[in-house]
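Here's the structure we're looking at; comments come further down.
The shown structure was predicted, so the numbers you read here are calculated from the model rather than taken from an experiment.
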Amino acid sequence: EIERGIREIASLGYYALELFGTNMQALEENGETLIPLLRKYDIPLISGYCNVSLTGSTPEFQTSLDRLVEAGKIIGKAGGKMAVLGPNAVPRERYDFKAYKSQIVNRLNECGKAIADLGLTAALHQHTATCVETREETVAVMEAVDTRYVKFAPDIGQLQKGGADPVQILKDFLPVVQHCHLKDYSGG
(Lines give C-alpha, C1' and ligand atoms only; values in the text may rest on other atoms or scores of the structure.)
Protein backbone atom coordinates (compact mmCIF):
# COMPACT_ATOMS: atom_id res chain seq x y z
CA GLU A 1 0.00 0.00 0.00
CA ILE A 2 2.80 2.43 0.81
CA GLU A 3 4.54 1.73 -2.48
CA ARG A 4 1.29 2.12 -4.38
CA GLY A 5 0.68 5.49 -2.72
CA ILE A 6 4.17 6.72 -3.53
CA ARG A 7 3.85 5.51 -7.13
CA GLU A 8 0.47 7.20 -7.60
CA ILE A 9 1.57 10.49 -6.05
CA ALA A 10 4.67 10.55 -8.23
CA SER A 11 2.63 9.70 -11.36
CA LEU A 12 0.36 12.70 -10.73
CA GLY A 13 3.30 15.06 -10.99
CA TYR A 14 3.73 16.11 -7.38
CA TYR A 15 7.23 17.35 -6.68
CA ALA A 16 7.43 15.85 -3.17
CA LEU A 17 5.38 13.90 -0.66
CA GLU A 18 4.50 13.61 2.98
CA LEU A 19 3.93 10.23 4.59
CA PHE A 20 2.57 9.24 7.96
CA GLY A 21 5.30 8.45 10.46
CA THR A 22 3.55 5.19 11.27
CA ASN A 23 3.74 4.11 7.61
CA MET A 24 7.45 4.86 7.43
CA GLN A 25 8.00 2.97 10.68
CA ALA A 26 5.98 0.00 9.39
CA LEU A 27 8.29 -0.23 6.38
CA GLU A 28 11.35 -0.24 8.63
CA GLU A 29 9.81 -2.84 10.96
CA ASN A 30 9.21 -5.09 7.94
CA GLY A 31 12.87 -4.86 7.01
CA GLU A 32 12.26 -2.47 4.12
CA THR A 33 13.44 1.09 3.78
CA LEU A 34 11.84 4.15 2.29
CA ILE A 35 14.82 5.43 0.30
CA PRO A 36 14.70 2.81 -2.51
CA LEU A 37 11.00 3.54 -3.07
CA LEU A 38 11.62 7.28 -3.25
CA ARG A 39 14.41 6.68 -5.77
CA LYS A 40 12.38 4.18 -7.78
CA TYR A 41 9.56 6.70 -8.29
CA ASP A 42 11.84 9.76 -8.38
CA ILE A 43 10.00 11.72 -5.72
CA PRO A 44 11.54 13.22 -2.58
CA LEU A 45 10.11 13.04 0.90
CA ILE A 46 9.48 16.49 2.33
CA SER A 47 7.87 15.61 5.67
CA GLY A 48 6.33 13.03 7.91
CA TYR A 49 2.99 13.46 9.68
CA CYS A 50 3.42 12.26 13.25
CA ASN A 51 0.71 11.97 15.87
CA VAL A 52 1.72 13.10 19.35
CA SER A 53 -0.10 12.72 22.66
CA LEU A 54 -0.37 16.25 23.99
CA THR A 55 -3.11 15.64 26.58
CA GLY A 56 -2.68 11.98 27.42
CA SER A 57 -0.91 10.45 30.39
CA THR A 58 2.83 10.85 30.84
CA PRO A 59 3.52 7.27 29.64
CA GLU A 60 1.35 7.90 26.55
CA PHE A 61 3.27 11.07 25.82
CA GLN A 62 6.63 9.34 26.30
CA THR A 63 5.60 6.57 23.92
CA SER A 64 4.47 9.11 21.32
CA LEU A 65 7.68 11.12 21.80
CA ASP A 66 9.76 7.95 21.31
CA ARG A 67 7.79 7.13 18.13
CA LEU A 68 8.23 10.73 16.95
CA VAL A 69 11.99 10.47 17.35
CA GLU A 70 12.00 7.12 15.50
CA ALA A 71 9.99 8.68 12.68
CA GLY A 72 12.24 11.75 12.71
CA LYS A 73 15.28 9.57 12.15
CA ILE A 74 13.60 7.96 9.15
CA ILE A 75 12.49 11.36 7.81
CA GLY A 76 16.03 12.69 8.07
CA LYS A 77 17.63 9.58 6.58
CA ALA A 78 15.21 9.79 3.64
CA GLY A 79 16.04 13.45 3.02
CA GLY A 80 12.92 14.97 4.56
CA LYS A 81 13.06 18.22 6.47
CA MET A 82 10.02 18.31 8.72
CA ALA A 83 7.97 16.44 11.29
CA VAL A 84 4.37 17.66 11.13
CA LEU A 85 2.95 17.28 14.65
CA GLY A 86 -0.63 16.05 14.69
CA PRO A 87 -2.29 16.52 18.10
CA ASN A 88 -4.22 13.69 19.70
CA ALA A 89 -7.97 13.35 19.38
CA VAL A 90 -10.19 14.41 22.28
CA PRO A 91 -13.91 14.16 23.05
CA ARG A 92 -14.67 17.75 22.02
CA GLU A 93 -18.08 17.80 23.75
CA ARG A 94 -16.42 17.64 27.18
CA TYR A 95 -12.91 18.92 26.43
CA ASP A 96 -11.54 21.82 28.50
CA PHE A 97 -8.67 23.40 26.58
CA LYS A 98 -7.74 25.74 29.43
CA ALA A 99 -7.09 22.77 31.69
CA TYR A 100 -4.58 21.34 29.19
CA LYS A 101 -3.04 24.43 27.59
CA SER A 102 0.22 24.48 29.57
CA GLN A 103 0.66 20.72 29.14
CA ILE A 104 0.09 21.02 25.37
CA VAL A 105 2.60 23.85 25.09
CA ASN A 106 5.23 22.08 27.21
CA ARG A 107 4.86 18.84 25.27
CA LEU A 108 5.04 20.62 21.92
CA ASN A 109 8.22 22.34 23.06
CA GLU A 110 9.69 19.01 24.11
CA CYS A 111 8.75 17.46 20.75
CA GLY A 112 10.21 20.43 18.91
CA LYS A 113 13.51 20.18 20.76
CA ALA A 114 13.75 16.44 20.12
CA ILE A 115 13.15 16.98 16.40
CA ALA A 116 15.61 19.91 16.27
CA ASP A 117 18.24 17.60 17.79
CA LEU A 118 17.82 15.47 14.64
CA GLY A 119 18.38 18.49 12.39
CA LEU A 120 14.72 18.70 11.39
CA THR A 121 11.90 21.18 11.89
CA ALA A 122 8.82 20.37 13.98
CA ALA A 123 5.56 22.14 13.16
CA LEU A 124 2.13 22.04 14.81
CA HIS A 125 -0.71 20.90 12.55
CA GLN A 126 -3.98 21.90 14.21
CA HIS A 127 -6.96 19.74 13.32
CA THR A 128 -10.63 19.30 14.13
CA ALA A 129 -11.53 16.70 16.75
CA THR A 130 -8.12 17.13 18.40
CA CYS A 131 -6.87 19.06 21.41
CA VAL A 132 -5.98 22.02 19.14
CA GLU A 133 -8.96 22.72 16.90
CA THR A 134 -10.46 26.19 17.23
CA ARG A 135 -9.08 29.58 16.30
CA GLU A 136 -8.71 30.43 19.99
CA GLU A 137 -6.85 27.22 20.75
CA THR A 138 -4.58 27.56 17.74
CA VAL A 139 -3.72 31.17 18.54
CA ALA A 140 -3.18 30.45 22.25
CA VAL A 141 -0.82 27.57 21.51
CA MET A 142 1.12 29.32 18.76
CA GLU A 143 1.56 32.41 20.92
CA ALA A 144 2.85 30.30 23.82
CA VAL A 145 5.17 27.73 22.21
CA ASP A 146 8.88 28.34 21.80
CA THR A 147 8.97 29.11 18.10
CA ARG A 148 12.68 28.41 17.96
CA TYR A 149 11.62 24.75 18.13
CA VAL A 150 7.94 24.63 17.15
CA LYS A 151 6.83 26.10 13.85
CA PHE A 152 3.37 26.10 12.31
CA ALA A 153 2.00 23.74 9.64
CA PRO A 154 -1.63 24.80 9.37
CA ASP A 155 -4.32 22.82 7.66
CA ILE A 156 -6.35 25.41 5.77
CA GLY A 157 -9.56 23.39 5.46
CA GLN A 158 -9.39 22.27 9.07
CA LEU A 159 -8.89 25.87 10.23
CA GLN A 160 -12.06 26.88 8.44
CA LYS A 161 -13.93 23.82 9.71
CA GLY A 162 -12.76 24.72 13.25
CA GLY A 163 -14.28 28.20 12.91
CA ALA A 164 -11.19 30.24 12.01
CA ASP A 165 -10.46 32.54 9.11
CA PRO A 166 -7.57 30.62 7.53
CA VAL A 167 -6.20 33.63 5.65
CA GLN A 168 -6.04 35.70 8.83
CA ILE A 169 -4.38 32.89 10.79
CA LEU A 170 -1.77 32.53 8.04
CA LYS A 171 -1.12 36.28 8.07
CA ASP A 172 -0.89 36.34 11.87
CA PHE A 173 1.64 33.50 12.03
CA LEU A 174 3.39 33.85 8.69
CA PRO A 175 6.86 34.21 10.25
CA VAL A 176 6.59 30.66 11.66
CA VAL A 177 4.54 28.98 8.91
CA GLN A 178 6.79 26.27 7.46
CA HIS A 179 4.35 23.94 5.74
CA CYS A 180 0.64 23.88 4.83
CA HIS A 181 -2.01 21.37 4.01
CA LEU A 182 -4.18 23.07 1.40
CA LYS A 183 -7.75 21.87 1.13
CA ASP A 184 -11.23 23.21 0.74
CA TYR A 185 -13.98 22.99 3.28
CA SER A 186 -17.48 23.18 1.89
CA GLY A 187 -19.28 22.95 5.22
CA GLY A 188 -19.99 19.22 5.06
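- Every pair passing ring-ring contact (aromatic ring centres under 6.0 Å, His included) that includes a residue from residues 131-155 is listed here, sequence neighbours excluded: Phe152-Phe173.
- When hydrophobic clusters are built by joining Ile, Leu, Val, Met, Phe, Trp and Tyr residues whose side-chain heavy atoms come closer than 4.5 Å, directly or via intermediates, Tyr15 is not grouped with Ile35.
- Heavy atoms only, all atoms of each residue included: Cys50 and Ala71 are closest at SG-CB, 3.8 Å.
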Just do the side-chain contact (heavy atoms from CB on, under 4.5 Å) check on Leu19 and Ile6 with the steps written out, would you? CA-CA 9 Å; Leu19 293 172; Ile6 293 170; 4.2 Å; yes

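- Within a 6.0 Å sphere centred on CG of Asp96, heavy atoms belonging to other residues, nucleotides or ligands number more than 12.
- Annotation for His125 and Pro87: closest pair O-CD, 3.0 Å, computed over non-hydrogen atoms.
- Considering only heavy atoms from C-beta on, Thr63 stays 4.5 Å or farther from Ser53 through its side chain.
- Both Val176 and Leu108 are members of a single hydrophobic cluster when ILVMFWY side chains are connected at heavy-atom separations under 4.5 Å.
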Begin with the C-alpha distance, continue with both residues' side-chain angles, and end with the deciding distance and a verdict on side-chain contact (heavy atoms from CB on, under 4.5 Å) for Asp155 and Gln126. CA-CA 7 Å; Asp155 184 308; Gln126 90 322 310; 3.9 Å; yes

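- Two different hydrophobic clusters hold Ile75 and Tyr49 under the rule that ILVMFWY side chains link at heavy-atom gaps under 4.5 Å.
- A distance of 4.5 Å separates CG of Leu54 from SG of Cys131, quoted to the nearest 0.5 Å.
- Here the closest heavy-atom approach between residue Val84 and residue Ala153 is recorded as CG1-CB, 4.2 Å.
- When side chains are defined from C-beta on, Asn51 does not count as touching Asn88, because their heavy atoms never get closer than 4.5 Å.
- Under the 4.5 Å side-chain heavy-atom criterion for Ile, Leu, Val, Met, Phe, Trp and Tyr, Ile156 and Val139 are members of the same hydrophobic cluster.
- The line from CD of Glu110 to CD1 of Ile115 is 11.5 Å long, rounded to the nearest 0.5 Å.
- Considering CD1 of Ile74 and CG of Leu45, their distance stands at 10.0 Å, rounded to 0.5 Å.
- Glu18 places no side-chain N or O within 3.5 Å of a backbone atom of Ile46 that could act as its donor or acceptor partner.
- Between the side chain of Arg135 and the main chain of Ile169, no donor-acceptor pair closer than 3.5 Å is present.
- The backbone N or O of Tyr41 sits nowhere less than 3.5 Å from a side-chain atom of Arg7 that would complete a donor-acceptor pair.
- In this structure, the separation between CZ on Phe61 and CG on Leu68 is 8.5 Å, given to the nearest 0.5 Å.
- In this structure, the side chains of Val150 and Val141 stay at 4.5 Å or more apart for every pair of heavy atoms.
- Residues Val177 and Leu182 fall within the same hydrophobic cluster, defined by Ile, Leu, Val, Met, Phe, Trp and Tyr side chains chained together at heavy-atom separations under 4.5 Å.
- Within a 6.0 Å sphere centred on CZ of Phe20, heavy atoms belonging to other residues, nucleotides or ligands number 12 at most.
- Looking at Asn23, its side chain never comes within 3.5 Å of a backbone N or O of Ile2 through a donor-acceptor pair.
- The 12-atom threshold is exceeded at CG of Asn30, counting heavy atoms of other residues, nucleotides or ligands nearer than 6.0 Å.
- A donor-acceptor pair is defined here as one N or O able to donate and one able to accept, closer than 3.5 Å; no such pair exists between the side chain of Gln103 and the backbone of Tyr100.
- Residues Ala140 and Lys101 come closest through the heavy atom pair O-CE, 3.8 Å.
- A donor-acceptor pair under 3.5 Å is formed between the side chain of Glu133 and the backbone N or O of Ala129.
- Minimum interatomic distance between Ala16 and Ile9 (heavy atoms only, all atoms of both residues): O-CG2, 4.4 Å.
- Within the structure, salt bridge (charged side-chain N to carboxylate O under 4.0 Å, His left out) pairs that include any residue of residues 21-32 comprise Glu28-Lys77, Glu29-Arg67 (at least two apart or interchain).
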Step by step, work out the side-chain contact (heavy atoms from CB on, under 4.5 Å) result for Leu37 and Leu27. CA-CA 11 Å; Leu37 291 175; Leu27 274 176; 4.1 Å; yes

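- Looking only at atom types and distance, the side chain of Asp172 has a donor-acceptor partner in the side chain of Gln168 under 3.5 Å away.
- Relative orientation of the His179 and His181 rings is perpendicular, given thresholds of 30° and 60° on the angle between their planes.
- Judged by distance alone, the side chain of Asn109 and the main-chain N or O of Asp146 form a donor-acceptor pair under 3.5 Å.
- Looking at Leu85 and Arg107, their side chains never come closer than 4.5 Å, going by heavy atoms from C-beta outward.
- Using a distance-only test at 3.5 Å, with no hydrogens or angles considered, a donor-acceptor pair links the side chain of Gln158 to the main chain of Thr128.
- From Leu118, atom CG reaches atom CD of Glu70 across 11.5 Å, with rounding to the nearest 0.5 Å.
- Inter-residue side-chain proximity for Val132 and Ile104 is flagged as met; some heavy-atom pair is nearer than 4.5 Å.
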Step by step, work out the side-chain hydrogen bond (donor to acceptor under 3.5 Å, both in side chains) result for Asp66 and Gln62. CA-CA 6 Å; Asp66 293 344; Gln62 189 58 54; 2.8 Å; yes

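- Put simply, CG on Leu34 and CZ on Arg39 are 10.5 Å apart, with the number rounded to the nearest 0.5 Å.
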Step by step, work out the side-chain contact (heavy atoms from CB on, under 4.5 Å) result for Leu65 and Cys111. CA-CA 7 Å; Leu65 181 61; Cys111 290; 4.0 Å; yes

